[in-house]
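Scroll down for the structure; my scribbles are underneath it.
Computed from a predicted structure; not experimentally measured.
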Amino acid sequence: MKNLTKSFKVFFIAFLALFLVGVIVTCIFGINAFGSLGKGQQLILNVTAGKDSYDEDIAEVKDYLKEHGAGMITVNKEYDSFDKEVAIVFMFKSSTPIDASSAPFDCVVSDLDNSHLTKTITRGCIALGVALVVVFAYLAIRFCKNNWLANSLGAVCTVVINWLAIFGIVQIAGLLGYQFDITILAAFAYALFATVLMYVVMATVARINVETKKIDNTAALALATKKLACYYWVINVLLAIVCIVLSVLSAGFAIKLIPVAIACVVCTLSAVYVAPSFWTMFEKTETEKIEK
């Protein structure tokens, strides 16, 4: 990592560390998606509609589940046609199956087996891999006469480091009771799209700086990054807020966009602190090859 900026080293190591911690969490607790993608159990607690607060009920059920070996627990609410809570749904994975007959409250326990959705995840991952190859080829052709290696290989490396960080963060979030679902694919797709767009815009602005200001590529890229950073932050932070709000407002088992919100923040950080260094590193490599 010689000749790379200090900020790049910090965020590159941080992103890798998040991924490694996520892998450790995965090895200990398993993939953080048993309720929506894999196998687990579901406890539906019947409650009185219109009650002001269900915090005590939720705490009581959580304590009971933990006493019986439940690990990650997620909580959702079910509503009637008048938007009043009629049931609270707990999804969990326990070392031993839990029987509703022994529970000290009115509930129904059933098994969850959505393993068929893992096929969708697998196909989605394959599609993302193919898309990554297509992105490399597209950027290489688009910038064939202007630092193609810096743009194509730089974008691929940035996408991969983004994906690793997103996976790690979402897995760590499982320790707090959050489960990701198929929207993790949407987060990866967004990271891919945002990174490609960012590289195209960054390279275009940098080339304009070279032509108008008569400076070298490194200085032109620094100016482009500084100019575009504000736009990255504004667009991605606003989008992240929208995703979080929609996730909070979507009750029950509606699609949650938390992974996409995480992707927005990760993409912003990588666009400002990681991608420019990747671009510079591969641009120098390409220049050295040409000189030889």
Side-chain angles (χ1 to χ4, degrees), residues 11 14-15 17-19 21-22 25-26 31-38 58 72-79 83 85 88-91 114 117-118 120-121 123-125 127-128 131-132 135 155 158-202 228-275:
F11 283 94
F15 283 4
L18 286 170
F19 171 68
V21 173
V25 172
T26 302
I31 289 291
N32 170 24
F34 54 82
S36 52
L37 300 178
I58 293 174
M72 299 178 185
I73 304 171
T74 62
V75 182
N76 293 288
K77 294 180 180 180
E78 287 188 348
Y79 296 83
D83 289 333
E85 297 92 336
I88 300 176
V89 182
F90 299 80
M91 291 187 293
N114 298 318
L117 289 178
T118 56
T120 303
I121 289 289
R123 292 168 183 168
C125 290
L128 287 170
L132 198 59
V135 162
T158 305
V159 170
V160 171
I161 194 68
N162 286 347
W163 284 353
L164 295 180
I166 293 167
F167 172 80
I169 294 172
V170 174
Q171 272 297 98
I172 295 170
L175 298 176
L176 303 176
Y178 175 77
Q179 278 189 73
F180 70 77
D181 53 22
I182 202 169
T183 51
I184 190 68
L185 292 179
F188 283 175
Y190 175 80
L192 178 64
F193 169 78
T195 301
V196 172
L197 181 62
M198 178 269 297
Y199 261 86
V200 171
V201 174
M202 181 176 68
L228 296 170
C230 181
Y231 296 102
Y232 295 148
W233 278 111
V234 171
I235 293 172
N236 282 300
V237 168
L238 287 177
L239 186 56
I241 292 173
V242 170
C243 290
I244 293 172
V245 170
L246 290 176
S247 296
V248 172
L249 295 179
S250 61
F253 298 99
I255 292 177
K256 295 186 176 181
L257 299 174
I258 296 298
V260 179
I262 293 172
C264 292
V265 177
V266 170
C267 286
T268 301
L269 292 172
S270 70
V272 177
Y273 300 109
V274 176

Check your understanding: Does Leu238 have any side chain to side chain contact (heavy atoms under 4.5 Å, CB included) partners at least two apart in sequence or in another chain, and if so, which?
Key -> Val234
**Study point:** Beyond-backbone contact of Phe19 with Ile161, side-chain heavy atoms, under 4.5 angstrom
**Key:** no
Review point. In Å and rounded to the nearest 0.5 Å, what is the CD1 to CG distance from Ile169 to Leu164?
Key: 11.0 Å
Practice item. Answer whether the closest heavy-atom distance between the side chains of Ile184 and Ile166 falls below 4.5 Å. Key: yes
Check your understanding: Would a 4.5 Å heavy-atom cut-off, applied to side chains only, mark Val135 and Val159 as touching?
Key -> no
**Study point:** Point-to-point distance, once rounded to the nearest 0.5 Å, from CD1 of Ile88 to CD1 of Ile58
**Key:** 4.0 Å
Review point. Between atom CG of Leu239 and atom CD1 of Ile244, what is the distance when rounded to the nearest 0.5 Å?
Key: 10.0 Å
Review point. Is there a side-chain contact between Tyr231 and Val201, using heavy atoms and a 4.5 Å cut-off?
Key: no
Give every donor-acceptor pair under 3.5 Å between a side-chain atom in residues 260-275 and any protein atom, sequence neighbours left out.
residue : atom : partner : partner atom : Å
Thr268  : OG1  : Asn236  : ND2          : 3.0
Thr268  : OG1  : Cys264  : O            : 2.9
Ser270  : OG   : Asn162  : OD1          : 3.1
Ser270  : OG   : Asn162  : ND2          : 3.3
Ser270  : OG   : Val266  : O            : 3.4
Ser270  : OG   : Cys267  : O            : 3.0

Check your understanding: So which heavy atom on Thr195 is nearest to which on Ala155, and how close?
Key -> CG2-O, 3.8 Å
Check your understanding: What are the two closest non-hydrogen atoms of Leu228 and Met202, and how far apart are they?
Key -> CD1-CA, 3.9 Å
Point to revise | Contacts of type ring pair (Phe, Tyr, Trp, His ring centres under 6.0 Å), residue Phe188, not counting sequence neighbours | key: Trp163
Check your understanding: If you measure from OH on Tyr190 to OG1 on Thr183, what distance do you get to the nearest 0.5 Å?
Key -> 15.0 Å
